[in-house]
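Here the structure is laid out as structure tokens; the discussion comes afterwards.
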Amino acid sequence: MNIYIALITLSISCVQFLYSAEDIAASSVLLPRSVVNNPICDMANLVKHSYEEDWKTYVGTVGIYQHSHHNTDIANYFSLNGTNTFTLDEGGNGDVNPAQLGLMPIANVGTSPDFYTSTITLQPFRRAIGIMADIHHQFTDNTWLQIKIAALQVTTTMDIAEKNVTSSGGGVPNIINARTAFNNSSWGAGKISYASVTRSGIDDIFLRFGYDPIMYNNSPHRMGMYIFAMIPNNTKEVLEYMFHPIVGGKYTVLGGGVSADFAPDLFKSSTLSALLSFDARIGVGFNCWQPRTFDTKQNGVWSRYMLMSYQSNPDDVQYGVNVTTVNALLQQRAQAQVTINLGIEGENWGALVGYNAWYRQAERVIQFAPLENIFSIADLPQVSGALIGVTTSTSTGNISQTVEPGLVNSMNSDAVFTPYTSANFNTKSGTNPEAFTNTVWAGLRYVRLIDQAQATIGFNGSYEFVQRFGSIPTWSLWANVVVEF
């Protein structure tokens, strides 16, 4: 028992050591937590295990339903001002100048006082539905192998609501309001969806090989160690939407852990027993190339949505999200978690409660792929005709400023073209920050012997609290059927 308490204390200390607060920007990516690397599902499969029987293999099927909560916090994470509401104002008095999105009245060429203004509210959510296969085989009394694979259908939306509109759009064909502006078909990334967007695929493949050096025959007391690997399904996917329906964790991960079972004598009964289970694991992600979208350092939050141009032709305006979406070599570093479960078991039923602390370090950019063109922020005052002169760039501009000259928040053209390279990217704006969550869960099981096999049917629920917002706050329901033989 003292060894067991020491393991718990050591593991929680390791998680606290890894955790450190970091400043976060309005990132263009929010990575979900991998379903297959969740110890809750591992321990939930075997609520009542008869250690007097010689089970060699179990095959489990888990049906999963997940839904995000605290959706306003998700919007705040992505938003340029830290809230789920922001304003469009072509006159430079709001958060975003809609002209940067191609959204302006038909008569407006940058000099009309009939500016487009409105108020935008974002209300996102994420939903995942899927099925997971879990196969565990005992090679000897001390060695075993586990394989888990899950197929998921993920749906997300940002649900743009626009109010207080003062002008009709249409200055650029087919861009008539905020919904059409943020879902421009010419954008290759960063769209803000107003309708549900769905992607289906295979979550990470999870492999685990374990060795249990401490075993007690005909009893549930056990202590062991294992190594594991996570193999991603799709690392090259371009995140077409700001809140993209990502399936899987995007990184190859190698790691190891320890686990133990201990049966405290809580009941003076021949039909009831208790099982205390513990798991601690840590893994490190391999560096990999992925396409990401970045803001520029000089131009602030959401500068990726500003219009840009190339040095070779400053008059040819480009959508910023297409220019600043580049391949980057990313490093995820470490992720760690600790899980503790207490189970109460009868002859053919079981009930469990548990807790999981999970931490994932922030991503880092190691290097960028070479850019094809030198770029800068487009010189809209010149391009729009608000000023007459040589087209250069507006390297001191931000997304709120107006192209109308002489106003309080007007863009200023550079004397000469100011070139940008990948060194001008704000790396935090295109990477996932650190995540730290706490999850509580409970489940019920029914167990029955069928000929030479044991079948378990279970129903479970969990609620995840996000302490450091680098993951998606989620509540989950799952049901599992496990056959041991």
Side-chain angles (χ1 to χ4, degrees), residues 26 28 80 86 88-92 94-106 108-112 115-116 120 169-178 180-192 242 293-326 371-387 389-405 407 409-414 416-421 424-426 429-430:
S28 60
L80 78 167
F86 61 92
L88 303 183
D89 192 321
E90 200 178 351
D95 297 304
V96 175
N97 178 357
Q100 296 282 359
L101 313 173
L103 176 58
M104 51 189 140
I106 294 176
N108 191 331
V109 292
T111 58
S112 169
F115 292 138
Y116 188 102
I120 307 297
V172 174
N174 301 319
I175 301 180
I176 59 175
N177 53 34
T180 55
F182 281 111
N183 285 270
N184 191 330
S185 60
S186 298
W187 289 10
K191 297 175 184 175
I192 303 179
M242 174 187 283
T293 306
F294 297 89
D295 291 329
T296 57
K297 296 175 184 177
Q298 293 89 335
N299 309 102
V301 178
W302 275 26
S303 54
R304 58 185 177 271
Y305 290 111
M306 297 179 71
L307 294 171
M308 300 184 184
S309 60
Y310 296 124
Q311 187 176 31
S312 58
N313 188 2
D315 290 302
D316 186 14
V317 175
Q318 309 289 323
Y319 290 112
V321 288
N322 295 338
V323 176
T324 62
T325 298
V326 298
L371 300 183
E372 295 182 1
N373 297 284
I374 295 175
F375 71 98
S376 192
I377 306 300
D379 188 359
L380 290 189
Q382 298 289 349
V383 173
S384 66
L387 294 176
V390 177
T391 303
T392 58
S393 56
T394 52
S395 61
T396 59
N398 62 63
I399 198 169
S400 72
Q401 291 180 312
T402 181
V403 302
E404 179 75 11
L407 299 183
N409 194 25
S410 297
M411 300 184 77
N412 295 310
S413 300
D414 298 330
V416 295
F417 188 92
T418 302
Y420 282 5
T421 66
N424 297 92
F425 288 144
N426 177 354
S429 66

_According to side-chain hydrogen bond (donor to acceptor under 3.5 Å, both in side chains), who are the partners of Ser28, at least two apart in sequence or on a separate chain?_
none

*Looking at CG of Asn184 and CD1 of Ile192, how far apart are the two atoms once the value is rounded to the nearest 0.5 Å?*
12.0 Å

*Would you say the side chains of Thr392 and Ser413 form a donor-acceptor pair under 3.5 Å?*
no

*If only atom types and distance count, is the side chain of Thr402 paired as donor or acceptor with the main-chain N or O of Glu90 below 3.5 Å?*
yes

*Taking side-chain hydrogen bond (donor to acceptor under 3.5 Å, both in side chains) as the test, write out the residues that go with Tyr305, two or more places apart.*
none

_Please find the pair of heavy atoms, one from Tyr116 and one from Ala178, that lie closest to each other, and give the distance._
OH-N, 4.0 Å

*Separation of Phe182 CZ from Met242 CE (nearest 0.5 Å)*: 7.0 Å

*Considering all heavy atoms, the nearest Gly102-Ile175 contact*: O-CG2, 3.6 Å

*Asn409 backbone acceptor or donor facing Gln401 side chain under 3.5 Å*: no

*Does Asn322 reach the main-chain N or O of Gly188 with its side chain, forming a donor-acceptor pair under 3.5 Å?*
yes

_Flag, side chain of Asn299 to backbone of Ser395, donor-acceptor distance under 3.5 Å_ = yes

*Enter the distance from Gln100:CD to Leu307:CG here, rounded to the nearest 0.5 Å.*
5.0 Å

*N/O donor-acceptor pair under 3.5 Å between Thr394 side chain and Ala378 backbone*: yes

*Search all heavy atoms of Thr325 against all heavy atoms of Ala189 and return the closest pair with its distance.*
OG1-CB, 3.5 Å

*Roughly how far, to the nearest 0.5 Å, is CD1 of Ile176 from CE of Met104?*
14.5 Å

*Working for side chain to side chain contact (heavy atoms under 4.5 Å, CB included), residues Tyr420 and Met308*: CA-CA 10 Å; Tyr420 282 5; Met308 300 184 184; over 6 Å; no

*asked:* Tell me if a side-chain donor or acceptor on Thr324 pairs with a main-chain N or O of Phe294 at a distance below 3.5 Å.
replied: yes

*Can you tell me if Asn373 uses its side chain to pair, donor with acceptor, with the backbone of Phe375 under 3.5 Å?*
no

_Could you report the tightest heavy-atom contact between Val403 and Asn97, atom names first, then the distance?_
N-ND2, 4.0 Å

*For the residue pair Met411 and Ile377, what are the closest heavy atoms and their distance?*
CE-CG2, 4.4 Å

*About how many Å separate NZ of Lys191 and OG of Ser186, when rounded to the nearest 0.5 Å?*
8.5 Å

*For Asp379 and Thr391, does a side-chain donor sit closer than 3.5 Å to a side-chain acceptor?*
no

*Take Asp414 and Ser393 through the side chain to side chain donor-acceptor pair (under 3.5 Å) test and state the conclusion after the steps.*
CA-CA 5 Å; Asp414 298 330; Ser393 56; 2.6 Å; yes

*Okay, side chain of Asp295, backbone of Ser303: is any donor-acceptor separation there less than 3.5 Å?*
yes

*asked:* Nearest 0.5 Å, please: how far is CG in Leu101 from CG in Leu88?
replied: 6.5 Å

_I'd like to know whether Ser376 forms a side chain to side chain donor-acceptor pair (under 3.5 Å) with Thr418, so could you lay out the CA-CA distance, the side-chain angles of the two residues, the decisive distance to 0.1 Å, and finally the verdict._
CA-CA 6 Å; Ser376 192; Thr418 302; 5.4 Å; no

*Evaluate whether atom CG of Asn174 has more than 12 neighbouring non-hydrogen atoms of other residues, nucleotides or ligands under 6.0 angstrom away.*
no

*How close do Trp302 and Ile399 get, heavy atom to heavy atom, and via which atoms?*
O-CD1, 3.3 Å

